[in-house]
Number of protein chains: 2
Amino acid sequence: MPNRSDRVDEVFKALADPTRRRVIERLVSGPASTSDLAEPFDMALPSFLQHLKVLENAGLVTSEKSGRTRTYQLSPPGLDAAQGWLADQRRVWEQRLDQLEQFLTRKQTP
Amino acid sequence: MPNRSDRVDEVFKALADPTRRRVIERLVSGPASTSDLAEPFDMALPSFLQHLKVLENAGLVTSEKSGRTRTYQLSPPGLDAAQGWLADQRRVWEQRLDQLEQFLTRKQTP
DNA sequence: CGAACGGTTAGGCATTGACCTAAGTATTGC
DNA sequence: GCAATACTTAGGTCAATGCCTAACCGTTCG
């Protein structure tokens, strides 16, 4: 059973590759088939398929096969995992800066 | 010369490892020395140093050596790169959903 | 000064990741 | 039915990653 950290792990790992990020960038504007997605890339199809698998595994995209074509689409909850972690860090960071500022202010005007 | 995609690449790659994320999580609450950061991890120091190098390379942290201790601190612009990319995708995604909604609405009440 | 401390460098080994080619399977169109 | 289409599976290479131990360097303290 994958815990939260594992999930975040896979999402960031998936986003760490430029090919996969370009796929996401393509999918935000709407669903597409395997070969549509593969077309812009100078890469053998099996290699490209692996990237799609990584994305699907990370929960960033979903796919469905109908006939002989498979269609992919974005799965926003996947991106949420990454955004969530980043937002958490920023929250703590800003809270700390606030405390620091308060501390410095009090020090100056006691 | 690293372009934008390379930078985003390194940031996501850096964040893809749980050890490195825990270091960030530690650093958001304030600077710390190498050994302070290393202490919670059951790992040889040289191995841990590599993680710190990855984080610094990605621009997520900065460090400064004084005497024999090196102090690390968070560098928020690094996290911005990741947040920026994610925010861009969400923006396009939401714009597309809006257009889709408009399309469906018009179709229903022409 | 000399030992202990904090960090660094060098090198090695195992696993994973990104790519490939070749050969499959399951639709679909003529 | 047979060929083309759209993916899939199997296997193989090569570089990058994550970890280790051993040995080293500069700083501080008794």
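Letters A, B, ... mirror the listed sequences (proteins, then strands); counts begin at 1.
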Does D:dC7 have its OP1 or OP2 closer than 4.0 Å to a side-chain nitrogen or oxygen of A:Ser35?
yes
Which distance, rounded to the nearest 0.5 Å, do you find between the CE of A:Met43 and the CD of A:Gln50?
9.5 Å
A:Tyr72 and side-chain contact (heavy atoms from CB on, under 4.5 Å): which single residue from A:Leu27, A:Thr62, A:Val23, A:Leu60 fits?
A:Leu27
Nucleotide C:dT21, atom C1' - distance to CZ of A:Phe48 in whole Å
19 Å
First encountered from the 5' end of DNA chain C, between A:Gly67 and A:Asp17:
A:Asp17
Taking A:Arg20 for its side chain and A:Ala14 for its backbone only, find out whether a donor-acceptor pair lies under 3.5 Å.
yes
Salt-bridge criterion met for A:Arg21 and B:Asp9 (N-O under 4.0 Å):
yes
Ignoring backbone atoms, establish whether B:Arg70 has a side-chain N or O less than 4.0 Å from OP1 or OP2 of C:dT8.
yes
Give the rounded distance in Å between these two atoms: CZ of B:Phe41 and P of D:dC19.
10 Å
A:Thr34 side chain near D:dC7 phosphate (N/O to OP1/OP2, under 4.0 Å):
yes
Sequence neighbours excluded and cut-off under 3.5 Å, please list the side-chain donor-acceptor pairs for residues 74-88 of chain B, or say none.
unit_1	atom_1	unit_2	atom_2	d
B:Ser75	OG	B:Gly59	O	3.4
B:Asp80	OD1	A:Arg90	NH2	2.4
B:Gln83	OE1	A:Arg90	NE	2.7
B:Gln83	OE1	A:Arg90	NH2	2.6
B:Trp85	NE1	A:Glu25	OE2	2.8

Let me spell it out: for each of A:Asp42 and A:Arg68, pick the nucleotide of DNA chain C with the closest heavy atom. Which residue's pick is nearer the 5' end?
A:Asp42
Side-chain donor-acceptor pair present, B:Thr34, B:Arg70, cut-off under 3.5 Å
no
Within the 4.5 Å heavy-atom criterion, are B:Asp17 and A:Phe12 side-chain neighbours or not?
no
A:Phe12 CZ to C:dG17 P: how many Å, rounded?
17 Å
Mind calculating the distance between CG (A:Leu45) and P (D:dA4) to the nearest angstrom?
19 Å
Contact list please: residues 49-56 of chain A against DNA chain C, heavy atoms, distance less than 4.0 Å, in numerical order.
A:Gln50, A:His51
With heavy atoms under 4.0 Å as the rule, sort B:Ser47 into base, sugar-phosphate or nothing.
base
To the nearest Å, how far apart are A:Met43 CE and C:dG17 C1'?
12 Å
